[in-house]
Amino acid sequence: VGPWAFYFLSNVPLCKGHLFMSLNHIRPWRNIYRRKSRQIMVGNVPVGGDAPITVQTMTNTLTTDPAATIKQIIAAAEAGADIVHFDVMDNHYVPNLTIGPMVCKALRDHGVTAPIDVHLMVQPVDDLIRMFADAGATYITFHPEASSHIDRSLQLVRDLGCKAGLVLNPGTGLDVTDWVMDKMDMLLLMSVNPGFGGQKFIPSTLKKIQDVKAMIDQQDKDRLNSYL
């Protein structure tokens with residue numbers, strides 16, 4: 001089992017967060033199950049509070065054999081993968097180059113129905129947003145530093161029928177979300193710097209998880225108060 005990815009749904013009042021396990025190999029899928037818990041600990045930090053958190057499994061294109069990516073993802077989906085995660089790198093925003101929308105379309109053409117979560121580590125983002133939406137993506141997230149107009153790019157994702165979100169690097173503050181929370185369906189917190197797998201977990205991510213949880217809780221309170 002690979003590193004944790006920390007996702008938070010920004011505007012779903014009853015679902016404060018999702019934790020996804022990213023798998024490095026296909027075979028362990030047979031032994032992994034989803035569960036719900038009232039509280040989940042990451043290290044010594046409780047990230048669930050009293051709100052329900054769903055733990056789901058996710059297959060990641062970055063950890064597949066490049067010569068058999070489609071075959072292995074299909075096998076993972078058939079074994080019960082909740083989500084297929086694409087790490088898309090352009091050798092510009094990050095110093096690595098991976099796969100593009102043709103692989104996404106091929107998975108849909110081969111009958112993969114699981115949600116496809118596309119994490120764009122590219123710059124600029126808008127053209128690839130359109131390409132991946134056309135290829136069958138379900139979620140599209142990007143780094144705020146990679147877009148000249150964050151609000152417009154988020155709205156573009158939604159206009160194309162996908163769920164939109166931002167990805168925050170370890171050194172990126174939460175303030176970039178202040179004025180676009182209403183256009184976000186998810187928020188991904190990077191626990192390593194983007195570009196390569198196999199990096200060491202950055203502990204400060206745990207504090208950021210708590211801050212995001214508090215931010216979403218406050219947003220829910222403000223929403224409730226507006227109806228009173």
Side-chain angles (χ1 to χ4, degrees), residues 1-9 15 17-37 40 42 53-91 94 96-122 128-142 157 160-165 167 185-201:
V1 176
W4 292 96
F6 301 99
Y7 285 75
F8 287 84
L9 306 186
C15 188
H18 279 61
L19 269 68
F20 292 105
M21 286 188 292
S22 175
L23 300 181
N24 288 334
H25 304 286
I26 299 302
R27 189 171 300 170
W29 276 100
R30 302 291 179 180
N31 302 318
I32 291 180
Y33 59 92
R34 74 183 72 177
R35 70 183 187 274
K36 291 186 177 180
S37 173
I40 292 178
V42 178
I53 282 188
T54 301
V55 179
Q56 293 183 305
T57 47
M58 171 188 291
T59 182
N60 191 328
T61 57
L62 191 62
T63 56
T64 59
D65 179 349
T69 293
I70 293 176
K71 181 179 178 180
Q72 290 186 342
I73 292 175
I74 290 173
E78 290 176 347
D82 293 297
I83 290 182
V84 175
H85 181 77
F86 271 59
D87 278 320
V88 181
M89 307 180 193
D90 65 352
N91 195 33
V94 293
N96 202 352
L97 187 66
T98 57
I99 58 179
M102 287 187 294
V103 176
C104 181
K105 185 177 186 302
L107 291 175
R108 293 303 191 204
D109 290 345
H110 280 78
V112 172
T113 59
I116 294 179
D117 170 34
V118 176
H119 170 198
L120 295 178
M121 287 172 271
V122 305
L128 278 172
I129 285 173
R130 295 184 182 93
M131 292 179 190
F132 272 100
D134 289 344
T138 310
Y139 302 91
I140 300 178
T141 60
F142 60 90
V157 175
L160 293 170
C162 300
K163 301 291 187 181
V167 187
D185 299 292
M186 61 193 297
L187 178 65
L188 169 58
L189 302 183
M190 297 287 290
S191 59
V192 297
N193 286 298
F196 296 94
Q199 299 180 64
K200 186 177 179 180
F201 178 81

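- In terms of the side-chain hydrogen bond (donor to acceptor under 3.5 Å, both in side chains) criterion, residue partners of D87 (sequence neighbours excluded) are, by chain and number, N60, H85, H119.
- Note: I129 CD1 to T141 OG1 = 9.5 Å, rounded to the nearest 0.5 Å.
- Residues P101 and L128 come closest through the heavy atom pair CD-CD2, 4.2 Å.
- Between M89 and V94, the shortest heavy-atom distance links the atoms CB-CG2, 3.5 Å.
- With sequence neighbours left out, the side chain to side chain contact (heavy atoms under 4.5 Å, CB included) criterion links I99 to T61, F86, V103.
- Residues meeting the salt bridge (charged side-chain N to carboxylate O under 4.0 Å, His left out) test with D109, sequence neighbours left out: K105.
- Nearest heavy atoms, G195 versus N96: O-ND2, 2.9 Å.
- With rounding to the nearest 0.5 Å, the separation of CG in L107 from CD1 in I73 is 5.0 Å.
- Closest non-hydrogen pair, A114 versus D82, comes out as CB-O, 4.1 Å.
- Looking at every heavy atom in both residues, V192 comes nearest to Q199 through CG1-CB, 3.7 Å.
- A search for side-chain hydrogen bond (donor to acceptor under 3.5 Å, both in side chains) contacts involving T69 returns T64, not counting sequence neighbours.
- Screening L188, V118, V88, L120 for a side chain to side chain contact (heavy atoms under 4.5 Å, CB included) involving F142 leaves a single residue, L120.
- The side chain to side chain contact (heavy atoms under 4.5 Å, CB included) test applied to N91 returns L97, not counting sequence neighbours.
- A137 approaches C104 most closely through the heavy-atom pair N-SG, 3.9 Å.
- Using modelled atom types, no side-chain atom of T138 and backbone atom of D117 make a donor-acceptor pair closer than 3.5 Å.
- Evaluation of the salt bridge (charged side-chain N to carboxylate O under 4.0 Å, His left out) rule for R108 yields no partner, not counting sequence neighbours.
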